Amino acid sequence: MRNSAKITTAVLAAGALTLGLSACGSDKGSDSASDTSGPLVVAASPTPHAEILNFVKDNLAKKAGLDLEVKEFTDYVTPNTATEDGSVDANYFQNQPYLDDFNKKNGTHIVPVVTVHLEPLGLYSHKVKSADALKSGATIAVPNDSVNEARALKLLAANGLITLKDGVGNDATPSDITANPKKLTFKELEAAQTPRSLDDVDAAVVNGNYAIEADLKPASDALVLESAKDNPYGNFLAVKKGDESDPRVKKLAGLLTSAEVKKFIEDKYAGSVIASF
């Protein structure tokens, strides 16, 4: 039986002021770097991150002597801010380009510990069966955070739907499009909203975790899908800088890259999530 706490964005927003005011005096925040006797609290997106962590919790943690607590978050911001202020010990939901951008913009000090899996980004549609069938002027929903928007545009460019400026990399925005033969228009949405937009747009670029939550199967349903080869977007366990040597973190890192977890990922996600170890 799962013992995970679902935390909605609304509740988090309501509590944000309290967290901000109390972070300096919080017992968790003040001694998280030195007190490693309690449970390891890890923030995670519900799918697949929390599912993978709960597999570890239910099947591997006790034997390894790890007391693991999983907290589910539905957004891409709070897991990092909670890790920074010590409300949680670690998080598991993001990739390196996203973390680099987040640290730069928010002055946080989160660092990766071990890469676990890749969720290929895909283009989906309820209206057409192939990318070539998109009509002129079609509207494409894309994530509105800078890293995932750039990733979405690079996916479209790699499949010939648009052309981007040379060297634009992880900073690409629609203004960097140099050729758009189908005259596509772009609707920028919070990443979690992209699968919900599929009835309102012609197609949407959806992050792998949100695709799975929406009962989409990236390996079979995506019109186009990221290649796993040389992909920089692997998702990892992360902590606040200085906590990498926490023995609980090291123990979890080992379990997350175990043969048992690799088999769980392969069996449960059938190519929609790919182990990176």
Side-chain angles (χ1 to χ4, degrees), residues 9 45-48 74-77 93-95 97-98 101-102 118-235 269-274:
T9 304
S45 296
T47 305
T74 59
D75 70 297
Y76 283 170
V77 174
F93 79 99
Q94 66 193 317
N95 57 56
Y98 180 83
D101 182 70
F102 190 95
L118 171 72
E119 301 160 25
L121 195 75
L123 177 70
Y124 301 85
S125 177
H126 285 172
K127 299 178 181 179
V128 298
K129 298 296 185 182
S130 71
D132 290 341
L134 288 168
K135 295 180 180 179
S136 179
T139 299
I140 311 296
V142 295
N144 65 3
D145 65 273
S146 57
V147 170
N148 281 307
E149 181 172 56
R151 188 180 174 188
L153 294 175
K154 288 194 292 182
L155 173 67
L156 299 179
N159 288 276
L161 292 169
I162 58 173
T163 302
L164 294 170
K165 291 178 185 176
D166 289 340
V168 71
N170 294 326
D171 298 318
T173 69
S175 65
D176 295 308
I177 296 172
T178 57
N180 185 0
K182 286 183 176 286
K183 298 180 175 58
L184 302 175
T185 60
F186 298 94
K187 186 173 185 178
E188 297 167 309
L189 299 172
E190 184 181 348
Q193 299 297 322
T194 54
R196 302 171 198 171
S197 73
L198 281 168
D199 289 331
D200 303 315
V201 298
D202 297 290
V205 180
V206 183
N207 291 70
N209 60 313
Y210 292 129
I212 296 167
E213 287 178 20
D215 293 326
L216 296 168
K217 296 179 176 60
S220 58
D221 293 341
L223 306 183
V224 297
L225 192 67
E226 277 182 328
S227 169
K229 184 178 180 181
D230 300 323
N231 195 303
Y233 296 105
N235 284 204
Y269 301 111
S272 296
V273 176
I274 302 167

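The model shown is predicted, which means the values in this text are computed figures rather than measured ones.
- Nearest heavy atom pair, residue T194 against residue A204, reads O-CB, 3.6 Å.
- Atoms OG and CG, from S130 and L123 in turn, are 10.0 Å apart once rounded to the nearest 0.5 Å.
- Although no hydrogens or angles enter the test, the distance criterion places a donor-acceptor pair under 3.5 Å between the side chain of K182 and the main chain of D132.
- Going from atom CG of L223 over to atom OH of Y124 covers 9.0 Å, rounded to the nearest 0.5 Å.
- Rounding to the nearest 0.5 Å places NZ of K129 at 13.0 Å from CG of L134.
- Across A192 and T74, no two heavy atoms sit closer than the pair CB-O, 4.5 Å.
- Nearest heavy-atom pair across V224 and A131 is CG1-CB, 4.1 Å.
- Considering N231, N235, L118 in turn, N235 is the only one that fulfils the side chain to side chain contact (heavy atoms under 4.5 Å, CB included) rule with N95.
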Legend entry - CA sep, side-chain torsions, deciding dist, call: I274, Y269, side chain to side chain contact (heavy atoms under 4.5 Å, CB included): CA-CA 8 Å; I274 302 167; Y269 301 111; over 6 Å; no
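- Among residues at least two apart or in separate chains, side-chain hydrogen bond (donor to acceptor under 3.5 Å, both in side chains) pairs with a member in residues 198-213 are Y76-N209, H126-D199, N148-N207.
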Legend entry - Stepwise side chain to side chain contact (heavy atoms under 4.5 Å, CB included) check, N144 with L189: CA-CA 5 Å; N144 65 3; L189 299 172; 5.7 Å; no
Inset, instruction - Show the numbers, then the answer: is there a side chain to side chain contact (heavy atoms under 4.5 Å, CB included) between F102 and V77? - result: CA-CA 8 Å; F102 190 95; V77 174; 4.0 Å; yes
Inset, instruction - With side chain to side chain contact (heavy atoms under 4.5 Å, CB included) as the test, would you mind laying out the steps for L164 and I177 before giving the verdict? - result: CA-CA 5 Å; L164 294 170; I177 296 172; 3.9 Å; yes
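- Residues S146 and D171 are not in side-chain contact: their nearest non-hydrogen atoms beyond the backbone lie 4.5 Å or more apart.
- Closest heavy-atom contact between A222 and G122: CB-CA, 4.3 Å.
- The two residues L198 and K127 come nearest to each other via the heavy atoms O-CE, 4.3 Å.
- Atoms CD and NZ, from Q193 and K187 in turn, are 10.0 Å apart once rounded to the nearest 0.5 Å.
- P181 approaches A179 most closely through the heavy-atom pair CD-C, 3.7 Å.
- Inter-residue side-chain proximity for P143 and E188 is flagged as unmet; no heavy-atom pair is nearer than 4.5 Å.
- With hydrogens and angles left out, the side-chain atoms of T163 and T178 include no donor and acceptor closer than 3.5 Å.
- Under the 4.5 Å side-chain criterion, counting only non-hydrogen atoms from C-beta, I140 is not in contact with V201.
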Listed pairs under 3.5 Å, donor-acceptor, residues 151-162 side chains, sequence neighbours left out:
unit_1, atom_1, unit_2, atom_2, d
R151, NE, E226, OE1, 3.3
R151, NE, E226, OE2, 2.8
R151, NH2, E119, O, 3.1
R151, NH2, E226, OE1, 2.7
K154, NZ, N170, OD1, 3.0
K154, NZ, Y233, OH, 3.0
N159, ND2, L155, O, 2.9

